[in-house]
Amino acid sequence: GGGIKQAEPHFNGEPVLILNGDTLFELDLGALIAFHVAQQAAATLVLRQDPEAARWGLVEVTDRGEVVRITGRGLSEPIPTTARMFAGIHILHPRLLRYLPVGKECSIIDAYVKGIQDGERIVGFDFDGFWSDVGTPERYAQVEQDAAAGRLSLSARSASN
């Protein structure tokens with residue numbers, strides 16, 4: 001969150017796509033952006049079903065795709081939700097950065113939680129394509145094995161695809 005906050009002057013008040021640098025995924029970013037625009041959301045978080053969602057940071061989503069709690073924080077009302085994990089891919093409107101302190105280490109999740117509590121529309125985009133955290137040597141080795149087994153394509157795609 002702190003790094004995103006520092007980059008805020010470069011966003012010119014426009015939504016920005018943010019990707020965690022230690023993840024590898026196959027996702028149609030054009031479809032994600034179109035979804036975000038159609039939802040008129042302050043933020044769109046790419047979410048996945050995962051039996052270990054709590055390990056990665058549990059995100060609770062309504063049947064309409066609205067994020068109501070992240071890691072147990074957000075709206076306190078008992079609302080029926082579905083458990084998801086945050087894939088580290090998101091689009092946010094810079095106005096959400098007002099919730100983050102200047103010059104301090106922080107998490108973007110803090111901005112999302114405060115936005116949810118203030119009534120900002122934060123939505124989830126369900127994603128079931130290839131995704132892997134490659135932030136450790138072991139996870140990186142697993143992705144190499146996945147690529148060799150054909151579970152993902154690392155080839156560049158042309159603009160016509």
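Not measured: the values here are computed from a predicted model. Starting from 1, each residue takes its place in the sequence as its number.
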Ignoring hydrogens and angles, tell me if any N or O in the side chain of [X] forms a donor-acceptor pair with the backbone of [Y] under 3.5 Å.
X: D28; Y: A31; result: yes
X: W131; Y: A87; result: yes
X: R55; Y: E52; result: no
X: D133; Y: G135; result: yes
X: N12; Y: E14; result: no
X: K5; Y: L97; result: yes
X: S107; Y: I109; result: yes

> Is R84 salt-bridged to D126, cutoff N-O under 4.0 Å?
Replying inline: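 Yes, charged N to carboxylate O under 4.0 Å.
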>> With a 4.0 Å cut-off on N to O distance, would you call D22 and R139 a salt bridge?
In response: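 No, this pair does not count.
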Between [X] and [Y], what is the shortest heavy-atom contact and its length?
X: I116; Y: G74; value: CG2-CA, 4.2 Å
X: A111; Y: Y99; value: O-CD1, 3.6 Å
X: G115; Y: L96; value: CA-CD2, 4.3 Å
X: T23; Y: V134; value: N-CG2, 4.1 Å
X: G13; Y: P94; value: C-CG, 4.0 Å
X: Q117; Y: L75; value: CA-CD2, 4.4 Å

[atom1] ([X]) with more than 12 external heavy atoms under 6.0 Å:
X: E77; atom1: CD; value: yes
X: F11; atom1: CZ; value: yes
X: E144; atom1: CD; value: yes

> Are any of the side-chain heavy atoms of I18 and I89 separated by less than 4.5 Å?
Replying inline: no
> So do V61 and V123 actually touch side chain to side chain, heavy atoms under 4.5 Å?
Replying inline: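 No - every pair of side-chain heavy atoms lies 4.5 Å or more apart.
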>> Is a donor from one side chain sitting under 3.5 angstrom from an acceptor on the other, for R121 and Q40?
In response: no
